[in-house]
Amino acid sequence: MFKKIVAFSLMVVMLLPVVPAINTEAAINKASYKSYKQVGVEARDKVYEHKSRVVAKIKSKSADPQSLFEKLERVIYAETANPNQGDFMRWDVDETATDYSAVKSGSYYYYTFILNIEYLTTVKQRNTLDKKVNSVIKDFKFTNKTSTYDKIKKVYDYVCENVSYAKNASSDDTKYYSAYQALIGKKAVCQGYATLLYKFYRTLGISSRVIAGESTFSKTSHGWNIVKLGNYYYNVDSTWDSTLTHAKKDYDYFLKGDSFKGHARWKEYNGYSFYYKYPMAAKGYSKKTVAKACKKTKIANFKNKKPKFKKVSRKKVTFKPIKNAKYQFKYSGVSNFKKKYTIVVNTKKTKYRFKKLRKGVTYWVKFRAKKKIGSKSYYSKWSTVKVI
């Protein structure tokens with residue numbers, strides 16, 4: 001069971017139908033408004049301190065409060081070096097109710113968001129959890145020679161053996177959704193398992209994320225983790241393996257590749273940008289074979305590749321080759337590459353000789369790579385634009 005908290009959706013107590021355009025500049029103190037990134041970092045500290053009311057004053061050219069609020073929350077719950085922030089902090093939030101107001105002055109909107117937040121645990125409970133996690137890790141007696149795999153496995157064994165699934169917990173019984181309840185109370189639902197495992201791994205300096213999604217078996221919300229081992233991330237589900245452990249059965253959900261039976265990710269964790277940042281292994285971990293990227297990671301890596309020119313002149317351009325790729329090349333008499341003034345060339349070659357460039361006219365050139373991965377073709381990013 002995984003509680004669909006509103007950490008990434010704007011739950012509005014009073015939603016204005018239209019952002020009001022107020023021309024009286026004296027109505028606000030403009031100096032107190034900052035960019036959403038600056039405000040997000042400040043708000044992160046307040047959420048970390050478990051403030052129940054967080055005021056965020058943002059200066060922006062955006063007329064869309066929903067998208068701006070989502071950007072703000074991405075900063076608040078971004079991964080940091082602190083294992084008590086990032087996913088741990090995000091999933092320790094029970095509910096967020098948000099109200100906002102806005103004033104327009106010139107080309108800017110001045111937003112005031114008020115976040116009313118309820119948490120699953122207290123700061124005191126978090127401190128207790130910290131002490132217990134550090135104590136357990138100390139008892140593991142890890143050394144500089146302990147491999148990352150052994151650390152991952154030891155922590156996973158501990159969680160699976162010492163936490164039991166809270167079968168009768170309801171969505172209103174929020175205590176079972178926390179890492180504190182999982183470790184101290186020894187009973188939790190999947191959200192508690194996943195945030196506890198995340199907490200252990202991040203404390204050990206091992207990269208991990210909490211993945212929210214759905215069980216394809218029961219069609220209910222579910223959460224698990226990915227953890228980095230070597231160059232790739234692997235799926236782990238301590239909730240389901242804990243149930244197997246208590247039934248005296250072997251693990252079935254430990255260090256699995258991208259194809260993870262019974263699991264379907266939410267859209268937030270299933271896009272190419274996420275797979276680029278957190279590259280998934282194609283298959284489950286094995287000490288005997290070299291890990292390879294899954295198809296989605298391969299596509300993500302290619303889509304985020306920025307190809308480079310080798311040489312650019314008025315006569316010809318040459319590209320740095322990309323294995324198994326074709327190229328789309330554009331040159332134009334205008335910098336914005338409007339279709340009317342742009343020549344498009346599709347080629348397999350890594351060089352192109354210009355034809356009939358007008359004397360005295362400045363041209364802008366760029367190119368991108370194209371590669372077939374599986375049954376479909378994908379484009380890379382565009383190269384840096386060059387002027388000739």
Can you tell me if [X] uses its side chain to pair, donor with acceptor, with the backbone of [Y] under 3.5 Å?
| X | Y | answer |
| --- | --- | --- |
| Asn116 | Arg53 | no |
| Thr243 | Thr239 | yes |
| Thr342 | Lys338 | yes |
| Asn270 | Trp266 | no |
| Gln181 | Ser178 | no |
| Thr318 | Lys311 | yes |
| Ser380 | Ala369 | yes |
| Gln328 | Val344 | no |
| Asn134 | Asp130 | yes |
| Lys371 | Lys323 | yes |

> Between Arg209 and Tyr269, does a side-chain contact (heavy atoms from CB on, under 4.5 Å) hold up when you go through it step by step?
Replying inline: CA-CA 10 Å; Arg209 290 297 306 268; Tyr269 307 96; 4.2 Å; yes
> Of the options Tyr327, Phe367, Tyr352, which is the one that meets Phe309 in a ring-ring contact (aromatic ring centres under 6.0 Å, His included)?
Replying inline: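 The ring-ring contact (aromatic ring centres under 6.0 Å, His included) with Phe309 is passed solely by Phe367 among Tyr327, Phe367, Tyr352.
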Quick one: pull up [atom1] in [X] and [atom2] in [Y] and give me the separation to the nearest 0.5 Å.
| X | Y | atom1 | atom2 | value |
| --- | --- | --- | --- | --- |
| Lys46 | Ser52 | NZ | OG | 12.0 Å |
| Asp94 | Leu120 | CG | CG | 5.0 Å |
| Leu72 | Ser67 | CG | OG | 11.5 Å |
| Asp157 | Thr245 | CG | OG1 | 7.5 Å |
| Thr297 | Lys295 | OG1 | NZ | 12.5 Å |
| Leu244 | Cys160 | CG | SG | 8.5 Å |

[X] and [Y]: same hydrophobic cluster, using ILVMFWY side-chain contacts below 4.5 Å?
| X | Y | result |
| --- | --- | --- |
| Ile117 | Tyr36 | yes |
| Trp91 | Tyr278 | yes |
| Ile299 | Trp382 | no |
| Val334 | Leu357 | no |

Relative to [Y], does [X] satisfy both conditions: NZ or CZ under 6.0 angstrom from the six-membered ring centre, and within 45 degrees of the ring's axis?
| X | Y | answer |
| --- | --- | --- |
| Lys59 | Tyr110 | no |
| Lys296 | Tyr275 | yes |
| Arg126 | Tyr119 | no |

Does [atom1] belonging to [X] count more than 12 external heavy atoms closer than 6.0 Å?
| X | atom1 | answer |
| --- | --- | --- |
| Asp139 | CG | yes |
| Arg353 | CZ | no |
| Lys187 | NZ | no |
| Lys283 | NZ | no |
| Phe217 | CZ | yes |
| Asp250 | CG | no |

Less than 4.0 angstrom from a charged side-chain N to a carboxylate O is my criterion; do [X] and [Y] meet it?
| X | Y | answer |
| --- | --- | --- |
| Arg202 | Asp87 | no |
| Glu268 | Arg90 | yes |
| Glu214 | Arg265 | no |

Just checking, any donor-acceptor pair under 3.5 angstrom between side chains of [X] and [Y]?
| X | Y | answer |
| --- | --- | --- |
| Ser35 | Gln38 | yes |
| Asp241 | Ser238 | no |
| Ser242 | Tyr193 | yes |
| Thr112 | Tyr33 | yes |
| His263 | Asn235 | no |
| Ser105 | Lys30 | yes |
| Ser60 | Ser62 | no |

>> Checking Tyr100 against Phe69 for the side-chain contact (heavy atoms from CB on, under 4.5 Å) test, could you report, in this order, the C-alpha distance in whole Å, the side-chain angles of both residues, the deciding distance, and whether it holds?
In response: CA-CA 10 Å; Tyr100 87 94; Phe69 182 76; over 6 Å; no
Determine whether the aromatic ring centres of residues [Y] and [X] are separated by less than 6.0 angstrom.
| X | Y | result |
| --- | --- | --- |
| Tyr251 | Tyr156 | yes |
| Phe140 | Phe142 | yes |
| Phe88 | Tyr198 | no |
| Tyr234 | Tyr232 | no |
| Phe302 | Tyr378 | no |

>> Could you go through Ile152 and Leu255, starting from their C-alpha distance and side-chain angles, then the distance that decides it, and tell me whether this counts as side-chain contact (heavy atoms from CB on, under 4.5 Å)?
In response: CA-CA 9 Å; Ile152 290 172; Leu255 293 181; 4.3 Å; yes
Would you call the rings of [X] and [Y] parallel, tilted or perpendicular, where under 30° means parallel and over 60° means perpendicular?
| X | Y | result |
| --- | --- | --- |
| Trp240 | His222 | parallel |
| Phe200 | Tyr158 | perpendicular |
| Phe354 | Tyr331 | perpendicular |

For [X] and [Y], which heavy atoms make the closest approach, and how far apart are they?
| X | Y | answer |
| --- | --- | --- |
| Tyr111 | Pro65 | CE2-CB, 3.8 Å |
| Gly86 | Glu79 | CA-OE2, 3.4 Å |
| Gly192 | Ala188 | CA-CB, 4.1 Å |
| Thr216 | Ala264 | CG2-CB, 3.8 Å |

>> My understanding is that only one of Asp237, Val210, Asn225, Val163 makes a side-chain contact (heavy atoms from CB on, under 4.5 Å) with Leu197; could you say which?
In response: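 Passing option: Asn225.
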> Step by step, would you call Arg368 with Lys306 a side-chain contact (heavy atoms from CB on, under 4.5 Å)?
Replying inline: CA-CA 8 Å; Arg368 60 182 177 175; Lys306 190 169 185 178; over 6 Å; no
>> Using the rule side chain to side chain donor-acceptor pair (under 3.5 Å), only one of Thr195, Asn84, Thr121 pairs with Asp92; which is it?
In response: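 Going through the options one by one, the only one that passes is Thr121.
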